[in-house]
Amino acid sequence: MLYLDHAATSPIRPEVLEAMRPYLTGVFGNPSSHHTAGEAAASALDDARARVAAVLGMRRGDVIFTSGGTEANNLAVKGIVLAALGSGRSHLVVSPVEHESILESAAYLRRFHGVAVTSVPVDGAGRITTAALADALRDDTALVSLGHANNEIGTIQDAAALAGVAHGSGALLHLDAVQSAGWLPVHGLDADAVSIAGHKLGAPKGIGALAVRGRVPLEPLLHGGGQERGRRSGTENVVGAVALATALELAEGERDAVSSAVAAATARFIGGVRNAVPQARLTGDPVQRLPGTASFTFAGTSGESVLLELERRGVISSSGSACAAGSDEPSHVLVACGIPPEVAQTSVRFTFGRTALTGEAPEHLAALVAESVLAVAG
């Protein structure tokens with residue numbers, strides 16, 4: 001099987017597994033315990049925190065370890081907005097192409113806390129313009145929460161320009177970098193908070209981080225023993241933190257070379273699919289996109305049927321976000337980009353990892369896609 005669903009999750013890297021091993025066996029103490037075993041765990045946790053902070057361009061104390069990207073996004077959106085309510089800022093800006101963890105957090109704040117939420121529109125490629133964001137901002141905007149790169153179509157937002165607009169109005173900016181970390185520069189994004197997830201980088205599932213600049217008030221969502229400087233109670237996942245730091249450092253060190261190689265191979269794959277499948281439509285920005293993401297709609301087919309045909313031919317891919325798997329509804333991302341719902345339901349997403357193309361010519365993969373689409377279309 002050829003696995004082309006790295007946007008959903010990636011395999012654990014061997015180097016990460018080796019880094020984890022001591023903390024699965026010998027160094028097992030609770031980092032809050034004041035004895036030798038606990039202090040050893042606390043030292044490893046502190047080191048992992050510093051390493052993550054260095055890659056993100058934050059301070060060590062800014063990093064909060066979480067259970068993954070969803071919790072990091074929830075903590076950013078809810079925690080920052082709830083902390084700002086007392087200051088008179090009760091407005092939140094998101095976009096309609098965000099991950100469900102951001103959209104559902106916004107919906108929660110609207111329902112239970114009366115927070116006004118504005119959805120800034122996107123263009124047909126899923127891009128947010130500075131003009132559109134400026135129009136969405138208000139004097140009482142507390143937070144703008146946007147994805148650095150989209151998890152379904154791969155479109156990359158101009159983070160620096162959007163940060164300038166948000167900060168110019170006095171609002172804070174949270175960037176969901178779950179998909180972009182390891183592929184794009186995440187150091188010095190000028191964001192006030194950044195979310196990442198380990199399992200997109202070669203660490204196990206169940207570990208992520210939210211980096212929040214120290215000056216930003218944050219209301220915790222989990223209360224208890226006051227771990228993570230009181231911002232996220234609960235015994236820390238030391239082995240997960242070590243894994244995340246290791247995976248993030250490895251990805252950052254390889255980023256330029258790997259991103260370039262994967263982008264070139266993906267471009268050949270996209271060209272092959274377009275040439276072989278007349279009804280194939282590439283979604284997302286054709287240029288400003290993640291290096292390994294290729295998402296298509298195939299009008300006149302069923303996306304799920306195409307996926308089954310691909311799997312018969314040894315190719316694993318997806319119809320979009322894994323978090324929406326099993327839903328009969330068309331992708332909210334594609335609909336927001338102006339794609340008709342019936343066409344959106346024909347979408348198939350291929351996401352390549354750092355070694356996913358080893359031994360496989362992109363043109364051969366494109367031929368397998370063409371065979372699968374034709375088998376479904378008849």
Verify the neighbour count for atom CZ of Arg59: are there more than 12 heavy atoms of other residues, nucleotides or ligands below 6.0 Å?
no
Arg349 vs Asp5 side-chain heavy atoms within contact, under 4.5 Å
yes
Sequence neighbours excluded, the answer for side-chain hydrogen bond (donor to acceptor under 3.5 Å, both in side chains) partners of Glu98 is Ser95
Is there any side chain to side chain donor-acceptor pair (under 3.5 Å) pair reaching into residues 203-221, and which pairs are they, with sequence neighbours excluded?
Asp192-Arg215
With Asp190, which residues qualify under side-chain hydrogen bond (donor to acceptor under 3.5 Å, both in side chains), at least two apart?
none
If you take all heavy atoms of Ile270 and Arg289, which pair is closest and at what distance?
CD1-NE, 4.4 Å
Heavy-atom count check: over 12 atoms from other residues, nucleotides or ligands less than 6.0 Å from Arg138 CZ?
yes
Does one hydrophobic cluster hold both Leu133 and Leu172, with members joined at side-chain heavy-atom distances below 4.5 Å?
no
Residues forming a ring-ring contact (aromatic ring centres under 6.0 Å, His included) with His113, sequence neighbours excluded
Tyr108
Does His99 offer a backbone N or O that forms a donor-acceptor pair with the side chain of Asn151 under 3.5 Å?
no
Can you find a pair of side-chain heavy atoms, one from Val348 and one from Phe298, that are under 4.5 Å apart?
yes
So, using side-chain hydrogen bond (donor to acceptor under 3.5 Å, both in side chains) as the criterion, who are the partners of Thr141 when residues are at least two apart?
His91
Using side-chain heavy atoms (C-beta onward) and a distance below 4.5 Å, is His332 in contact with Pro96?
no
Side chain to side chain, Leu137 and Val144, heavy atoms closer than 4.5 Å
yes
Quick one: are Thr118 and Leu92 in side-chain contact, heavy atoms under 4.5 Å?
no
Is there a side-chain contact between Arg232 and Ser67 (heavy atoms, below 4.5 Å)?
yes
With sequence neighbours excluded, what pairs up with Arg49 under the salt bridge (charged side-chain N to carboxylate O under 4.0 Å, His left out) test?
Glu228
Under 3.5 Å donor-acceptor pairs involving side-chain atoms of residues 271-283, not counting sequence neighbours:
{"unit_1": "Asn275", "atom_1": "ND2", "unit_2": "Gly271", "atom_2": "O", "d": "3.1"}
{"unit_1": "Thr283", "atom_1": "OG1", "unit_2": "Ser295", "atom_2": "O", "d": "3.1"}
{"unit_1": "Thr283", "atom_1": "OG1", "unit_2": "Ser295", "atom_2": "OG", "d": "3.0"}

Minimum side-chain heavy-atom gap Leu307-Glu311 below 4.5 Å
no
By side chain to side chain contact (heavy atoms under 4.5 Å, CB included), Arg313 pairs with (sequence neighbours left out) Glu309, Leu368, Glu371, Ser372, Ala375
Taking only distance into account, with no hydrogens and no angle test, what donor-acceptor pairs under 3.5 Å do side-chain atoms of residues 34-42 form with protein atoms, sequence neighbours excluded?
{"unit_1": "His35", "atom_1": "ND1", "unit_2": "Ala37", "atom_2": "N", "d": "3.4"}
{"unit_1": "His35", "atom_1": "ND1", "unit_2": "Gly38", "atom_2": "N", "d": "3.1"}

Kindly state each residue pair satisfying salt bridge (Lys or Arg N to Asp or Glu O under 4.0 Å) with at least one member in residues 163-179, sequence neighbours excluded.
none
Just jot down the side-chain hydrogen bond (donor to acceptor under 3.5 Å, both in side chains) partners of Lys78, sequence neighbours excluded, or say none.
Asn74
Verify the cluster assignment for Leu221 and Leu218: are they in a single hydrophobic cluster under the rule of side-chain heavy atoms below 4.5 Å apart?
yes
According to ring-ring contact (aromatic ring centres under 6.0 Å, His included), who are the partners of Phe350, at least two apart in sequence or on a separate chain?
Phe269
If you define the side chain from C-beta out and look only at heavy atoms, does anything of Thr246 sit under 4.5 Å from Arg51?
yes
